[in-house]
Amino acid sequence: MHWADSIAKALSHRGDTHVVASGITPSGEFHIGHLREILTSDMIKRACKSHDLEIEFVWFVDDADPLRKVYSFLDESYEQYIGHQLANIPPPDSSGKPDYDRFESGISYAKHFLGPFIQALEYIGVEIDEIIYNYDAYKSGKFADASRIACNQTDEIREIIERVSGRELDDDWFPWNPIDSTGSMDGIRITGWNDPIVSWIDSKGNDGQSDVTKGDGKLPWRVDWPAKWSWRGVTMEPFGKDHGAAGGSYDTGKEICQLLGDQPPYPTTYEWISLKGVGAMSSSTGVTVGPLEALELVPPEILRYLIARNKPNRHIDFDTGSALIELADEYQKKLSDLEKGSGEWDNLSRRQQVAWAKLESQILYSSIDPTKPPQAASERVTFRHLALVAQIRGDDADVWKSLQQSGLISGVPTGDLPRRLELMRNWIDSPHFPEAFRLNIQSEIAETAMENVDGRDVDYLGALRTKLASCEWTSQEINAAICNEAKERDIALRDAFQTLYWIVLAQDYGPKLASILEEMDRQAVLDLLQSAIVELSS
RNA sequence: GGGCCUGUAGCUUAGCCAGGUAGAGCGUCCGGCUUUUAACCGGAUGGCCAAGGGUUCGAAUCCCUUCAGGCCCGCCA
């Protein structure tokens, strides 16, 4: 059974109506792990639907959280905003400085980072039913009940956190972080509580009061989380394994949620995604891939497939190199398996039935639009194929022509094909593209080639060179020249091609040779052959 | 110190929750294919399921122990 189906099944024992939640802090640091969280939720939602459960997907945006530090992409002037809520500070401009003009027009720091992320989610087929901006939720009193309960039962909350997490809280710890006279949440001390008013004194010695029902501040994280579950009725939420550690925020949240009078959500911890590819030195070279960047390289359904095929508790090494091509191939292979059908169901072993059901789920959860049947694999141009053609043909129009000639498409490219080519070109131009797939066209004969090319080929190469000097420079004519000259000399085509691959690419195989030569300058090809002939003759 | 996850073929892994003769993909090798876009088709190769013990008629699967690797545990997702 697919992992998402197992979770849906577990949820069905609890009731027929569910709310699956997911969250993010728009501090600017989006990474691919965030994508796992949100896709995990999205897939669970789809699984619940196919199990006939009523399901709502809510997404919490923690824009009430304060800015923690001046991130590397921010200008030093952000120092003044540390401790201020993300919904309340200006967005950075392209140089990382606060952009007050945009802030005036309503774009906060949080919104600035959220915009593209939300767009990306739409693009990757994540269907969120409700986006909850925490800042607004606090302002409009959504957290009022939970906040008052927490403040009235400070001792109980403190007891839970200290006992479960095993850490000691300061004597003046209080389950409410107010905002001081400057807008900061840092360095503030609580001096009194008179439901629903918190009195405080800030680092500058100013004192003031906050109404916890009006969002003049927020609950600290360990209380904030269960408070969200409580008011929104969350029944399921996947979270990173940091929260899942013993004494972590899920453990304390569970008890606090019960204190608030509600049942905690069904938990699922997911493992981190780390970056592989680019060799092992990705961290040392500073090469990282955020979710937005990943979407510039990979078709969205492949990224979904990456998440769908791995159980949440499985660590993923996101490999932007050759493993990506294998991943894409695997996905397309499964699409075509699905097309072929399962065969007679009763003749399948239990294991085969399990595998089939899982295959169906994997494809369902990977598709961008689950209401449409997945595009037939036979209509698709494979990832691998596109990687080659895109390298050989610099012009998009020539790529389409090539695909038409090989019968992969008829007429103009349709569907997501143009977008896929764009992604492929991005990938090829990026440092992530695997060297093993890169075509290295030689300008002079390589040493490794010499070891594999035979002196007997000189005659053939000479004749071929003569033909190529005068023939029409089209792939058909070039191909004819290669084949005819080989035939005349009783050279097996396989051998002829291998010889030429060695000369042109310094390896013994490759994409259709005539296509490569056609893209090259005629004189360059002639020169290359000449150098091979000279080397072989000497 | 507390805890989580992982260990199955050269590699990536399915199967484990509900015990019943270990399945894939990639790779490798062989064969086929007279014009090869890393293609395609057919076949073969390859596992004391990390180790040990227990439960059972029967264990990759359940229980215990050990070993190895990864990760989390101030704030923060």
Side-chain angles (χ1 to χ4, degrees), chain A residues 1 3 6 9-10 22-27 29-31 33-34 37-38 60-62 65-69 165-169 177 185-186 220-222 224-225 239-251 269-272 274 309-315 317 319 322-323 325-327 329-330 333-334 337 349-352 354-355 358-359 362 381-382 384-393 399 402-403 405-406 408 436-439 475-476 478-487 490-494 496-498 500-501 505 507-516:
Chain A
M1 198 190 291
W3 57 262
S6 307
K9 199 176 152 196
S22 197
I24 197 171
T25 302
S27 58
E29 286 195 320
F30 291 144
H31 52 76
H34 287 119
E37 160 150 339
I38 205 154
F60 288 98
V61 174
D62 289 327
D65 284 13
L67 183 71
R68 298 279 161 206
K69 60 174 183 179
S165 78
R167 63 179 224 254
E168 238 175 90
L169 298 174
N177 294 336
M185 294 172 130
D186 285 355
W221 164 247
R222 290 213 180 222
D224 173 276
W225 202 21
F239 45 84
K241 62 169 173 184
D242 48 346
H243 293 310
S249 45
Y250 180 74
D251 276 0
T269 36
Y270 58 86
E271 264 280 356
W272 303 133
S274 62
R309 81 189 285 275
N310 290 292
K311 285 183 272 198
N313 66 9
R314 195 122 209 152
H315 173 90
D317 263 334
D319 187 332
S322 56
I325 289 186
E326 274 143 36
L327 186 74
D329 280 356
E330 186 182 297
K333 175 79 168 35
K334 287 195 174 169
D337 286 349
S349 66
R350 179 176 163 271
R351 176 171 289 138
Q352 286 172 314
V354 167
K358 192 163 173 179
L359 169 70
Q362 283 185 337
V381 178
T382 68
R384 194 179 286 267
H385 190 151
L386 199 59
L388 297 173
V389 181
Q391 284 185 85
I392 299 166
R393 311 285 184 171
V399 171
S402 164
L403 294 178
Q405 276 167 5
S406 44
L408 286 163
F437 283 85
R438 209 179 277 283
L439 294 177
S475 61
Q476 287 91 341
I478 295 169
N479 204 45
I482 295 171
C483 296
N484 293 336
E485 293 304 319
K487 275 185 195 164
D490 280 330
I491 298 172
L493 282 173
R494 186 190 210 115
F497 273 106
Q498 283 199 351
L500 293 170
Y501 278 121
L505 296 176
Q507 52 189 19
D508 65 350
Y509 56 90
K512 202 165 186 172
L513 189 60
S515 306
I516 301 176

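Below, read A as the first sequence line, B as the second, and so on, with proteins coming before strands; counting in each chain starts at 1.
- Atom CZ of A/Phe239 and atom C1' of B/C72 are 12 Å apart (whole Å).
- Here the nucleotide nearest the side chain of A/Lys241, chosen from B/U37, B/C76, B/C72, is B/C72.
- On the C1' atoms, B/A60 is 33 Å away from B/G1, given to the nearest whole Å.
- For the P atoms, the distance from B/C48 to B/U55 is 26 Å, rounded to whole Å.
- B/C73 and B/A18: their C1' atoms are spaced 34 Å apart (whole Å).
- A straight line from CD of A/Glu168 to C1' of B/C75 spans 17 Å, rounded to a whole angstrom.
- Side chain of A/Asp242, nearest nucleotide from B/C72, B/C76, B/C71: B/C72.
- Nucleotides B/G10 and B/G3 place their P atoms 35 Å apart, quoted to the nearest Å.
- Between the P atoms of B/A59 and B/G52, the separation comes to 14 Å (whole Å).
- Using a 4.0 Å heavy-atom criterion, one finds that A/Lys311 contacts the sugar-phosphate atoms exclusively.
- For the P atoms, the distance from B/G58 to B/U21 is 15 Å, rounded to whole Å.
- Closest to the A/Arg68 side chain, of the nucleotides B/U36, B/A77, B/C75, is B/C75.
- A/Arg309 places its CZ atom 11 Å from the C1' atom of B/C26, with the value rounded to the nearest Å.
- Using a 4.0 Å heavy-atom criterion, one finds that A/Leu439 contacts the bases of the nucleic acid, with or without backbone contacts as well.
- In this structure, the nucleotide among B/A77, B/C5, B/G74 sitting nearest to the side chain of A/Asn313 is B/C5.
- Using the six-membered ring where Trp is involved, A/Trp225 and A/Phe239 have ring planes that are perpendicular, over 60° apart on the 30 and 60° scheme.
- No donor-acceptor distance shorter than 3.5 angstrom exists from the side chain of A/Thr25 to the backbone of A/Ser27, with no hydrogens or angles considered.
- Summarising the geometry of A/Leu403 relative to A/His385, their closest heavy-atom pair is CD2-NE2, 4.1 Å, with the distance given to 0.1 Å.
- For the P atoms, the distance from B/U12 to B/G7 is 12 Å, rounded to whole Å.
- Among B/C75, B/U37, B/G70, the nucleotide with an atom closest to any side-chain atom of A/Arg222 is B/C75.
- Toward the 5' end of RNA chain B, the nearer of the two residues A/Lys9 and A/Trp272, judged by each one's closest nucleotide, is A/Lys9.
- Panel note: side chain A/Glu37, backbone A/Gly23; a donor-acceptor pair is recorded below 3.5 Å.
- In this structure, OG on A/Ser165 lies 5.0 Å from CZ on A/Arg222, to the nearest 0.5 angstrom.
- Within the structure, a side-chain polar atom (N or O) of A/Trp221 is placed less than 4.0 Å from OP1 or OP2 of B/A77.
- Closest to the side chain of A/Glu271, out of B/C5, B/U37, B/G15, is B/C5.
- With both pairing distances under 3.5 Å, B/A14 is matched to nothing as a Watson-Crick or G-U wobble pair.
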